[in-house]
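Lettering follows sequence order; numbering is per chain, from 1.
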Amino acid sequence: MTVVTRFAPSPTGFLHIGGARTALYNWLFAKHHERHGTGGKFYLRIEDTDRARSTQEAVDAIYDGLQWLGLEWDGDAVSQFARADLHRAAAERLLAEGKAYKCYCSPEELTEMREKARAEGRKRMYDGTWRDRDPSDAPAGVDPVIRMKAPLEGETVIEDRVQGRVTVANEQLDDMVLLRADGTPTYMLAVVVDDHDMGVTHVIRGDDHLTNAFRQTQLYLALGWDAPVFAHIPLIHGPDGAKMSKRHGALGAEAYRDMGFLPEALRNYLLRLGWSHGDDEIISTDQAIDWFNLENIGKSAARFDMTKLTSLNGTYIREADNGYLADLVMNRLQAEQPGKLAKEARDRLFKGMNGLKERAKTISELSENAIFYALQRPIEKTEKAATQLEGDGADLLREIRSVLSSTDTWTDEALMATAREFAEAGGRKLGAVAQPIRAALTGNTVSPSVFEIMDVLGREETLGRIDDALTGP
RNA sequence: GUCCCCAUCGUCUAGCCCGGCCUAGGACACCUCCCUUUCACGGAGGAGACAGGGGUUCGAAUCCCCUUGGGGACGCCA
């Protein structure tokens, strides 16, 4: 049997980090079964039944986020709203079968019930007023909602693949609304009908839906359908230990991209946040597809740790392809420094990437560190760098310049050997010689190896930059 | 408030299901040292946890109960 999973976000905002992980787990589970089992599908369904809060921008943000993360879905995304007629038909069927009924309660009455229930320490809110009442009692001019006749006694059990067996007494659950007074389906109905119609076999979603699963289980039963396998994964908490929400530190996928995180690093981080494979930390997507399962999902909530994500990202950057990295940096720099880039910028970035990439944990940091390669002369200097080019520094640099201008072999190693020789002749340490060069070449006091930089820049540009430093203000 | 769930270093976690191999392992962060032209990277060390209390057992991080703490859900939102 083909495993079918789905990611079903409501388009009321960006694709936040929790949603991204849910999507990743669903995607991975489907891919795993596609590779090792009897097939797997991963669908995307936009839960846009709340017309007032759904926006096209949010839908696009979800598409973009998923695509950036590399989580391609099968087929076209399904619009839940577009399926409203099917949802309605299901409700009508239940009504006809006597498994649902019309309720004419006003919002005021419901509020009253809610308050009463709370005051009496009960969870069940709706008191079943219209459950067995004669429809002829219906007040004129009131559009009813359709409620499901939920079982009054006994209990509803979910065999959750993450949480284990979870049981609730049916007296805790009231008769949920299936169709609103305006005839539109509620989420609870729509989810069940859609998951059934789409052939979803495994519902992997956030823990906050666990209590919904009870009502959905009752609905599946009433509709005469088999319920899918449920796997409710613990939520991601913010650093403060509370559920991540939009006002609680949760950011959209594009925010992580802008901060300079690599999608593969974010994927690895998210995978490892709540799921484990022994002591493995660095897990490629390929391995993840091989290894992912529901059994190793943890049961407790995890806190989001930006520091660890950053560290992981650094690892991925160090292992990334230089051309890929150079392109990412070029894109940023072109946007940030329009018109100021040297025509050799891309080549230099590519050639100097080895020294650059082990010094950065994010693409933004990488870009900042790489900027001196990309910019045209003259290079602006930081205050500290300028200080190193005053007095003795300048004298030293002048001497170095003449030595460099007469050097035959312009390579990393040869240049270092030359510098070392020069330093020892003057009774100096190599560092004393390297620092002024660094300041002149990069305008900074921190950078990759100055000899590597000279190699990348070439003789002409190197001497030019030194001259700029010697003659400049 | 009611219902449901969770509980190992600061954080993510391994171990727990099938008690002994656990003087509890790894990763991030932190501290020290080494490498070193700066900063990083890398390497070697260090500090750091089974929430508490009862059981069961020869033996419990592992099984049971209670307490405490944390989280989630209680909509004609999704």
Length of the [atom1]-[atom2] vector between [X] and [N], whole Å:
X: A:D279; N: B:A24; atom1: CG; atom2: C1'; value: 12 Å
X: A:R21; N: B:C12; atom1: CZ; atom2: P; value: 11 Å
X: A:Y269; N: B:C28; atom1: OH; atom2: P; value: 13 Å
X: A:D50; N: B:A78; atom1: CG; atom2: P; value: 5 Å
X: A:H209; N: B:G71; atom1: NE2; atom2: P; value: 19 Å
X: A:D280; N: B:C12; atom1: CG; atom2: C1'; value: 14 Å
X: A:L189; N: B:G75; atom1: CG; atom2: C1'; value: 15 Å
X: A:R165; N: B:C4; atom1: CZ; atom2: C1'; value: 16 Å

Within the sub-3.5 Å range, which N or O atoms of nucleotides 42-52 of chain B have a protein N or O partner, and how far apart are they?
residue : atom : partner : partner atom : Å
B:G42   : OP1  : A:R318  : NH1          : 3.2

Closest to the [X] side chain: [options]?
X: A:R147; options: B:A78, B:G26, B:C76; answer: B:C76
X: A:M188; options: B:G1, B:U38, B:A78; answer: B:A78
X: A:Q163; options: B:A14, B:C6, B:G1; answer: B:C6
X: A:V168; options: B:C4, B:C76, B:U37; answer: B:C4
X: A:A302; options: B:C41, B:C12, B:U38; answer: B:C12
X: A:T307; options: B:U38, B:U37, B:C28; answer: B:C28
X: A:L430; options: B:U37, B:C76, B:U11; answer: B:U37
X: A:R359; options: B:C12, B:U38, B:A14; answer: B:U38
X: A:S10; options: B:A78, B:A7, B:A14; answer: B:A78
X: A:Q80; options: B:A78, B:U37, B:A7; answer: B:A78

Contact class for A:T310 (heavy atom, under 4.0 Å): base, sugar-phosphate, or nothing?
->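 Since no nucleic acid heavy atom lies under 4.0 Å of A:T310, the category is nothing.
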Contact class for A:G164 vs. all strands (heavy atom < 4.0 Å): base, sugar-phosphate, or nothing?
-> nothing
Taking 4.0 Å as the cut-off, does a side-chain nitrogen or oxygen of [X] come that near to OP1 or OP2 on [N]?
X: A:K361; N: B:C41; answer: yes
X: A:R438; N: B:U37; answer: no
X: A:T49; N: B:A78; answer: yes
X: A:T12; N: B:A78; answer: no
X: A:R420; N: B:U37; answer: yes

Output yes when a side-chain donor or acceptor of A:R465 lies under 3.5 Å from a complementary backbone atom of A:L441, and no otherwise.
->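 Checking the backbone N and O of A:L441 against the side chain of A:R465, a donor-acceptor pair under 3.5 Å is found.
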Polar side-chain contact [X]-[N] base: donor and acceptor under 3.5 Å:
X: A:S447; N: B:U38; value: no
X: A:K308; N: B:C12; value: yes
X: A:N212; N: B:A78; value: yes

RNA chain B contacts made by residues 228-235 of chain A, counting heavy atoms under 4.0 Å =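 Correct list: A:L235.
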Aromatic ring proximity, centroids under 6.0 angstrom, A:W130 and A:Y101 = no
Yes or no on side chain to side chain contact (heavy atoms under 4.5 Å, CB included) for A:F81 and A:R51, after CA distance, side-chain angles and deciding distance?
-> CA-CA 8 Å; A:F81 177 70; A:R51 301 315 285 166; 3.3 Å; yes
Criterion side chain to side chain donor-acceptor pair (under 3.5 Å) on A:D48 and A:S79, from CA distance to verdict = CA-CA 7 Å; A:D48 50 0; A:S79 158; 2.9 Å; yes
Please report the C-alpha distance between A:Q218 and A:R215 in whole Å, then the side-chain angles of each, then the deciding distance to 0.1 Å, and finally whether the side chain to side chain donor-acceptor pair (under 3.5 Å) criterion is met.
-> CA-CA 5 Å; A:Q218 295 183 342; A:R215 309 180 111 95; over 6 Å; no
Would you please test A:D85 and A:R88 for salt bridge (charged side-chain N to carboxylate O under 4.0 Å, His left out) and show each step?
-> CA-CA 5 Å; A:D85 287 346; A:R88 236 179 324 263; 2.8 Å; yes
State whether A:F7 and A:R45 meet the cation-pi test: NZ (Lys) or CZ (Arg) under 6.0 Å from the six-membered ring centroid, and within 45° of the perpendicular axis.
->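 Judged by the rule, A:R45 and A:F7 form no cation-pi pair.
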